[in-house]
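Step one of this worksheet: look at the structure below.
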Amino acid sequence: RAARLELTAHSAAVKALDFCPWRRHCLATGGGTTDGSLRIWDTGCAAERELQSVATGSQVSGVRWSVARRELVTSHGFSSMNS
């Protein structure tokens with residue numbers, strides 16, 4: 001079965017994702033160590049549509065949209081303590 005939508009902009013594994021509770025079809029994804037980007041997507045289209053991208057300088061290990069406010073929080077880290 002073919003994928004409905006494929007998001008290919010991250011250059012490393014996606015370590016975190018969360019759908020927005022107050023904006024339909026809005027997805028936040030966070031890239032691993034060599035990517036380090038936070039990306040916001042419109043998943044309501046048949047084609048890849050990136051709304052915004054932020055280079056964080058570190059692995060994005062968690063993404064969470066607020067249900068009370070129009071905010072997004074992220075957590076960051078590296079795969080080992082030596083990085």
For [X], enumerate each residue passing the side-chain contact (heavy atoms from CB on, under 4.5 Å) test, keeping only those at least two apart in sequence or located in another chain.
| X | result |
| --- | --- |
| Ser61 | Gln59, Ser75 |
| Ser53 | Ser37, Arg39, Glu50 |
| Arg69 | Ser66, Glu71 |

* Only pairs at least two apart or in different chains count here, so list each ring pair (Phe, Tyr, Trp, His ring centres under 6.0 Å) that has a residue in residues 14-65. => Trp22-Trp65

Applying side chain to side chain donor-acceptor pair (under 3.5 Å), name anything that partners [X], two or more places apart in sequence or on another chain.
| X | value |
| --- | --- |
| Ser58 | His76 |
| Arg49 | Asp42 |
| Thr56 | none |
| Asp18 | none |

* Asked: What are the two closest non-hydrogen atoms of Pro21 and Val67, and how far apart are they?
  -> CG-CG1, 3.9 Å

* Asked: Can you list every pair that meets salt bridge (charged side-chain N to carboxylate O under 4.0 Å, His left out) and has a residue in residues 22-37, with sequence neighbours left out?
  -> none

* Asked: Who pairs with Glu48 by salt bridge (charged side-chain N to carboxylate O under 4.0 Å, His left out), at least two apart in sequence or on another chain?
  -> none

Cluster check [X], [Y]: I/L/V/M/F/W/Y, side chain < 4.5 angstrom:
| X | Y | answer |
| --- | --- | --- |
| Val54 | Leu27 | no |
| Val60 | Leu72 | yes |
| Ile40 | Leu7 | no |

